Amino acid sequence: MQIQIEGFLMEQYLTLTVITDDRPGIVEKIAKVVLLNQGSWLESNMSRLAGKFAGVLLVKTSQNNQANLLRDLKELSNEGIKIIAELTNNLNHEPDERYRLNLVGNDRPGIIGALSSILAELNVNVEELCTNCEDAPMSSELLFRASAVISFSGASKVSSALIQEELELLSDDLIIELELLEE
């Protein structure tokens, strides 16, 4: 994406996906490459999972620096850091309604599959999703927890009450809470 206005070249935005074996210094190496190429690290979500470090980040750069930035990011693969870069152009999408969805229940296969199917049928977007399993406090059972940020357009026929109603049909042993997120 290249936009020129009266002789000025506008910035470009890249979404970077990162995965590597977890170890100290990964974020520093990526940040140095971004900085050396006069880029700006805008947003990110990164975490360690099963010995891997993975994340996604948004970087702003100029058209003039983009090729060098991409080259230098690719060179990090020599250190085992795999990065995929995608040009991003949809920075202004803001949904009408955003909610935090919390789900807790006995662990079993298929919870996320069923949850995501219902949300997709209702045309609800999953913006963020974090899940984990933990020991239940008073038993040897495993509890499944999910926390998500979901969004949908106010122009749709979807409401938080409908989402809650549909999700509660998943199972009697799941506790589901929806909380409106204020911007």
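Please read all numbers here as calculations on a predicted model, not as lab measurements. When a residue number appears, it is its place in the shown sequence, counting from 1.
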Chemist: Taking atom CG of Leu42 and atom CD of Glu11, what is their separation to the nearest 0.5 Å?
Modeler: 9.5 Å

Chemist: Thinking salt bridges, do Arg48 and Asp22 make one under a 4.0 Å N-O criterion?
Modeler: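 A salt bridge links Arg48 with Asp22.
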
Chemist: Could you measure the distance from the CG atom of Asn125 to the CG atom of Leu119? Nearest 0.5 Å is fine.
Modeler: 9.5 Å

Chemist: Does Leu169 CG have over 12 foreign heavy atoms under 6.0 Å away?
Modeler: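 Atom CG in Leu169 is crowded, with more than 12 foreign heavy atoms closer than 6.0 Å.
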
Chemist: Hey, is CG on Asn132 packed in by over 12 heavy atoms from elsewhere, all under 6.0 Å?
Modeler: yes

Chemist: Can you confirm whether more than 12 heavy atoms, excluding those of Asp173, are under 6.0 Å from its CG atom?
Modeler: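 Atom CG in Asp173 is crowded, with more than 12 foreign heavy atoms closer than 6.0 Å.
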
Chemist: Can you confirm whether Leu36 is buried at CG, in the sense that more than 12 heavy atoms of other residues, nucleotides or ligands lie under 6.0 Å from that atom?
Modeler: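 More than 12 heavy atoms, drawn from other residues, nucleotides or ligands, come within 6.0 Å of this atom.
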
Chemist: In Å and rounded to the nearest 0.5 Å, what is the OG1 to CG distance from Thr131 to Leu103?
Modeler: 10.5 Å

Chemist: Go through Leu70 and Leu14 one step at a time and tell me if the side chain to side chain contact (heavy atoms under 4.5 Å, CB included) criterion holds.
Modeler: CA-CA 10 Å; Leu70 292 171; Leu14 298 170; 4.0 Å; yes

Chemist: Whether the Thr15 and Glu86 side chains hold a donor-acceptor pair (N or O, under 3.5 Å, no angle test) is what I'd like checked.
Modeler: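 Glu86 and Thr15 do not have a side-chain donor-acceptor pair below 3.5 Å.
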
Chemist: Which atom names give the shortest non-hydrogen contact between Asn65 and Asn37, and what distance separates them?
Modeler: CB-O, 3.3 Å

Chemist: Side chains of Ser62 and Asn64: do they bring a donor and an acceptor to under 3.5 Å?
Modeler: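 Not at all, the side chains of Ser62 and Asn64 share no donor-acceptor pair under 3.5 Å.
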
Chemist: Rounded to the nearest 0.5 Å, what separation is found between the CD1 atom of Ile26 and the CD1 atom of Ile19?
Modeler: 10.0 Å

Chemist: Give me the atom names and distance for the closest heavy-atom approach of Val158 to Phe152.
Modeler: O-CE1, 3.5 Å

